[in-house]
Amino acid sequence: MSAAHRFRSEFLRTFVERGAYYDCSAPEDLDALFGKERVTAYIGFDCTAPSLHVGSLVQLMTLRRLQQAGHRPILLMGGGTTKAGDPSGKDETRLLLTPEKIEDNKNAIVAGVRHLLKFGDGPTDAILVDNAEWLDKLEYIPFLREVGKHFSVNRMMTMESVKLRLEREQPLSFLEFNYSIMQAYDFVELYKRYGCRLQSSGSDQWGNVVSGIDLGRRMENVQLFGLTTPLITTASGAKMGKTVAGAVWLNADQVSPYDYWQFWRNTEDKDVGRFLKLFTDLPVAEIARLAALQGAELNEAKKILATEATAILHGRDAADAAAETSRKAFEEGVGAAAGLPTFEIARDKLGAGMAVTALAHAAGLTTSAGDARRQIEGGGLRLNDKPVSDVKAVVTEQDLNDGVLKLSVGKKKHILIKVV
RNA sequence: GGGGGAAUGUCCCGAGCGGCAAAGGGGGCGGACUGUAAAUCCGCUGCUUUCAGCUUCGUAGGUUCGAGUCCUACUUCCCCCA
């Protein structure tokens, strides 16, 4: 990492300056490469869920910055590797996903992140690739003879991920053992197809990245590079990615732009500067000014962080709308601020009156009616901003204002109930 | 192949003489204090139509008035010997 401050290329300087740099396989050579030509680089994601998570955002931002610096990013979807299943990290056997499910996940993931990059056919336009294109067709023996022969089991045994498992005497399946070979092969394949020279990833993928670099040298006699980003944690040491509602997915159908905005708005004080650098495009000088704000003034910086980060993912309009909804709900105290999450309920269901506990549950505000009851007992549930004190309280049409009523748990979780 | 352990509240760790909705943590949620922050303190944390009922302790059977706890088989994992 000592080479980090000596970088001359625009991209790597920015990368370091923004706090995204963790490690690099051959810093000086990569710097020189970035200085003299347009570089094609990739990051891979498996299709295990229908959306990526904020934890993947640093990687996605890497592709974005690459493109901004005039290079060409490849977004590699692991349609093939997901079929094999990546057991790394977990001791439980992950259930195998069906090919249809993988395909659906892939399409959903891509749809969710398309604003982050500009795709197309131009020289710096991003390319979308699926490793199923080549992995699906592999034949076992030919693959072993052409690729497998370059891997030394002795060396693989010394890889951090493998070594750790062996030392802890945790099981390591042969499938898992092979995973890094497939990932290494991806890198070489992308080099052959697109002249891709660099693989970026989270620091946990270091071993797999290095395998790809080695394979490139052995099979194609080319120098490939690896560049990793740090695991982002909050100042309190927790892994990033929880909101009042659960995991922070990137797709809008799972976490709305409003909730996404709120996630960033609730950043801890100490993280504001770091997150602005990592997750927005604001100039660092501007960020330095914002991060220097003290006390309650930092809230202004948090709003900017929220709006900028949301704009990158969901577009400027959605970000501004989320900011406006938040302003009304939290600063003006407008009860039923338009734009808050909304739940619709049929008029006849409410007609005879409905228990608040049942309504809170139906609207997804609480996990069960019992949970809602406990919230009432703890003074945490409010109807139209007034605390509900009676567990058996019933909601009727009289609680409606213009056909809408607001239900809240705690200070931050609000939902509008609209009668239709 | 032989022997010995383990699987608990579907977030995680983890106690549990045959009377257990099941100790204790962590995490999460709510309240107070604040600035929609952190820290701190307090409460809650299986479901329901809650003076009660119902479903939980790897799976399936069995013993018993009664089983997380005892027995049998199975599954998975760990350890030791070969």
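Computation of the quantities below employed the complete heavy-atom set of this structure, encompassing side-chain atoms and omitting hydrogens, waters and symmetry-equivalent molecules. Below, read A as the first sequence line, B as the second, and so on, with proteins coming before strands; counting in each chain starts at 1.
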Undergrad: For atom CZ of A:R8, is the number of surrounding heavy atoms from other residues, nucleotides or ligands below 6.0 Å larger than 12?
TA: no

Undergrad: Quote, to the nearest angstrom, the P distance that separates B:rG46 from B:rC41.
TA: 23 Å

Undergrad: Answer yes or no: is there a donor N or O on one side and an acceptor on the other, between the side chain of A:N384 and the main chain of A:D399, under 3.5 Å?
TA: yes

Undergrad: Which base sits across from B:rA52 as a Watson-Crick or G-U pair, both distances under 3.5 Å?
TA: B:rU48

Undergrad: Can you list everything that forms a side chain to side chain contact (heavy atoms under 4.5 Å, CB included) with A:E308? Sequence neighbours excluded, please.
TA: A:T280, A:L282, A:I304, A:R316

Undergrad: Determine the Euclidean distance between corresponding P atoms of B:rG14 and B:rA21; express it in Å to zero decimal places.
TA: 24 Å

Undergrad: Counting heavy atoms not belonging to A:D402, are there more than 12 under 6.0 Å from its CG?
TA: no

Undergrad: Please measure how far the P atom in B:rG25 lies from the corresponding atom in B:rU75, and state the result in whole Å.
TA: 39 Å

Undergrad: Can you list, in residue-number order, the parts of residues 362-377 of chain A that come under 4.0 Å of RNA chain B, counting heavy atoms only?
TA: A:S368, A:A369, A:G370, A:R373, A:R374, A:Q375

Undergrad: So for A:Q262 and B:rU36, does any side-chain atom that can act as donor or acceptor lie under 3.5 Å from a complementary atom in the base?
TA: yes

Undergrad: Roughly how many Å apart are B:rA6 and B:rC17, using the P atom of each and rounding to a whole number?
TA: 13 Å

Undergrad: Let me know the distance between CD of A:E268 and P of B:rU36, rounded to the nearest Å.
TA: 16 Å

Undergrad: Give a yes or no on whether the backbone of A:T124 and the side-chain of A:Q67 come within a donor-acceptor separation of less than 3.5 Å.
TA: yes

Undergrad: P atom, B:rG43 versus B:rG26: distance in rounded Å?
TA: 13 Å

Undergrad: How many whole angstroms separate atom CZ of A:F263 from atom P of B:rA37?
TA: 14 Å

Undergrad: For the pair made of CG in A:L381 and C1' in B:rG30, what is the distance, rounded to whole Å?
TA: 10 Å

Undergrad: For A:Y185, check side-chain hydrogen bond (donor to acceptor under 3.5 Å, both in side chains) against everything at least two apart and list the hits.
TA: A:E189

Undergrad: Pairs under 3.5 angstrom, nitrogen or oxygen only, protein versus nucleotides 31-34 of chain B, please.
TA:
{"unit_1": "B:rA32", "atom_1": "OP2", "unit_2": "A:K411", "atom_2": "NZ", "d": "2.8"}

Undergrad: Strictly by Watson-Crick or wobble contacts shorter than 3.5 Å, is anything paired with B:rG35, and which nucleotide is it?
TA: none

Undergrad: For B:rC20, measure the glycosidic angle (O4'-C1'-N9-C4 for a purine, O4'-C1'-N1-C2 for a pyrimidine) and name it syn if it falls within 90° of 0, otherwise anti.
TA: syn

Undergrad: Quantified in whole Å, what is the C1' atom distance between nucleotide B:rU55 and nucleotide B:rU10?
TA: 13 Å

Undergrad: Across all strands, who's sitting opposite B:rA15 as a Watson-Crick or G-U wobble pair, both distances under 3.5 Å?
TA: none

Undergrad: Taking atom C1' of B:rA38 as reference, at what distance in whole Å does atom CZ of A:R265 sit?
TA: 14 Å

Undergrad: Looking at residues at least two apart in the chain, or sitting in another chain, which of them share a side-chain hydrogen bond (donor to acceptor under 3.5 Å, both in side chains) with A:D104?
TA: none

Undergrad: If you find the nucleotide of RNA chain B closest to A:S326 and the one closest to A:H361, which residue's nucleotide is nearer the 5' end?
TA: A:S326

Undergrad: I'd like to know if the side chain of A:T342 reaches the main chain of A:L340, judged simply by a donor and an acceptor atom lying under 3.5 Å from each other, with no hydrogens or angles considered.
TA: yes

Undergrad: Is B:rC57 paired to anything, Watson-Crick or G-U wobble with both distances less than 3.5 Å, and if yes, which nucleotide?
TA: none

Undergrad: For A:L305 and B:rA37, give me the distance from atom CG to atom P, rounded to whole Å.
TA: 15 Å

Undergrad: Relative to the 5' end of RNA chain B, which residue comes earlier, A:N299 or A:T357, by the nucleotide with the nearest heavy atom?
TA: A:N299

Undergrad: Name the pairing partner of B:rG1, where a pair is Watson-Crick or G-U wobble with both distances under 3.5 Å, or state none.
TA: B:rC81

Undergrad: According to side-chain hydrogen bond (donor to acceptor under 3.5 Å, both in side chains), who are the partners of A:T307, at least two apart in sequence or on a separate chain?
TA: A:W261

Undergrad: Could you tell me how far apart A:N266 (CG) and B:rG35 (P) are, to the nearest whole angstrom?
TA: 15 Å

Undergrad: Could you tell me the separation between the CD atom of A:E300 and the P atom of B:rU36, rounded to a whole number of Å?
TA: 11 Å

Undergrad: Determine whether the side chains of A:N251 and A:Q254 contain a donor N or O and an acceptor N or O closer than 3.5 Å.
TA: no

Undergrad: Provide the distance between the two P atoms, one in B:rG2 and one in B:rU69, to the nearest whole Å.
TA: 27 Å

Undergrad: Under a 4.0 Å N-O cut-off, is there an ion pair linking A:E300 with A:K303?
TA: yes

Undergrad: Could you let me know what B:rU75 is paired to, Watson-Crick or G-U wobble, both distances under 3.5 Å, or none if it's on its own?
TA: B:rA7

Undergrad: Between B:rG35 atom P and A:K270 atom NZ, what is the distance in whole Å?
TA: 18 Å

Undergrad: Rounding to an integer number of angstrom, what distance separates B:rG35 and B:rG24 when you compare their P atoms?
TA: 35 Å

